[in-house]
Amino acid sequence: MAVVSVKNLCVVYDGFEAIQDLSFSLEDGDYLCVVGENGSGKSTLIKTLLGLVKQNSGEIIYDNLKSAQIGYMPQQTAIQRDFPASVMEVVLTGCLKLNGRLPFFKKSVKELAKKNLEKVGALALADKCYGELSGGQQQRVLLARALCSTEKLLILDEPVANLDPKATNELYDLILKLNKEQKITVIMVSHDIRCAVLQASKVLHLDKTPVFFGTTSDYINSPEGRKFLGHEHCLCGGES
Amino acid sequence: MLEELIGLLSLTFFRRALIVGILVSLSAALLGVSLVLKRYSMIGDGLSHVGFCTLSIAAVMNWAPLYFSIPIVVLAAFLLLRLSENGKIKGDAATALITTSSLAIGVIVTSLGSGMTTDVNNYMFGSILIMSESDVTLSVILSVAVLTLFVLFYNKLLAVTFDESFAKATGIKAGLYNMLLAILTALTIVLGMRMMGTLLISGLIVFPALTSMGVFKKFKSVIICSAIVSVICFIIGMFGSYIFSTPAGASVVVANLITFVVFRIVGTICAKIKK
């Protein structure tokens, strides 16, 4: 059964029709890359999937999953870059739902946070100050935080924005590894189109309405894909 | 000297001021860390001016100052948050609007009433002589409420401060916790402003937070340090104001300023040594 299926979704956001008649579904272990110009409804789609924006019509059906059980990695804000908190404190903010109403974190929850830091290769940073990490390290920590609230579905909003090429490749490799090894379904929005598309198994090209939805190899050979990707070769890591 | 300072404690007005001040400093320091990090530092200033307005009205109408101020300032806190979150007027501009309008209304009301007398001076720069016994009781109750709520919701406040959109996505009611923060701030300000002064109370909110951020890099250490710094600076300021015959509110802020500078220097040296 599909992890998430979206049927005839229409969303009006800020007075504009941001998404019109969008339908797609993702299977367990899919890696979807959402592409499109600015204002094409990518961010609105993410917000709607997370339940932060109400759809006007259509439906989103999750298999055995509530919207609060999605691992979300939002774009970094200016506030966070020099935030005085340890890495552990940041990751634990992803575990609040598991912890229930308790004012302090349970031991099992702390263990989970550590496990997820280990998954992203950042366990050694647990005691460091988040604000003093490099951009790539900060993104790893935010990914670990996202993992704390999910075992099934990750939604990543521009995960490589502001990263240097090396950190970008490392983060892509990490996301791919999580997708393959942990069988986590991934939905990623990215401006860095060419690399992102080569990583993903499926592509959704949005321009308010869906322009294309299908596998990556079909997209690369489709007229829309060729137009959008251009003919240049991707210079970054990719799946190899 | 020491005996003289201990003798101060036997004075009722001084004891009351000290109790209320310590509780207010503690609350302000805890809330201040979140407010500063969320770029809400000026909310304190805005709210204290609303407080000035309500105090002036209460004085002219002969109403009990705290009971009148608290609901109005809490309401203003709601309004400020609403405006800064989804209004067309951005946060800092909205604060400036509310600050100046309340000040203007307050000054007009006072001049219509008793004229610009020592009352206004007291509201602006604070006075430690005006705490009645029922004020002390109310302050203690409210401060304990502020502290309890802060401890209970500490983790959620951290989550909302660090990343509101993530918090919302994981099902935490970020709007609710922002409101909680604003209401607790409003209460703290109303309790502290008559003693510290309308123009000086926001010093209690920003200074301890910034001071401890200069040295500490973990949220919990920043919170604990700023609570300790705030209380110690308040006590030093109060005794300092007696020794040098300076106004209490201003002395507390200057004590905070000196600590801030010292911490920043220590922080810079520590960072250099680490490298």
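For the numbers below, each heavy atom of this structure counts, side chains included, while hydrogens, waters and symmetry mates do not. Every chain is numbered from 1 and lettered A, B, ... according to where its sequence line falls, protein lines coming before strand lines. Predicted, not measured: the structure shown is a model, and the values here were computed from it.
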Between [options], which residue shows the highest count of heavy-atom pairs closer than 4.5 Å to chain B?
options	answer
A:Leu92, A:Asp127, A:Asn99	A:Asp127
A:Thr77, A:Leu52, A:Val87	A:Leu52
A:Cys129, A:Ala78, A:Gly71	A:Cys129

Looking at CG of B:Asn155 and CG of A:Leu102, how far apart are the two atoms once the value is rounded to the nearest 0.5 Å? 10.0 Å

When rounded to the nearest 0.5 Å, the distance separating CD1 of B:Ile172 from NZ of A:Lys97 is 7.0 Å

Against chain A, label [X] side chain, backbone, both or neither, depending on which of its atoms sit under 4.5 Å from a heavy atom there.
X	answer
B:Phe166	both
B:Ser221	neither
B:Lys156	both

Check whether any side-chain heavy atom of A:Leu96 sits under 4.5 Å from a side-chain heavy atom of B:Thr170, and report yes or no. no

Quick one: does A:Phe104's side chain get under 4.5 Å of B:Val151's, heavy atoms only? yes

Relative to the ring of A:Phe83, is the ring of B:Phe219 parallel (under 30°), tilted (30 to 60°) or perpendicular (over 60°)? parallel

Using a 3.5 Å distance criterion without hydrogens, assess whether the side chain of A:Glu89 forms a donor-acceptor pair with backbone atoms of B:Lys220. yes

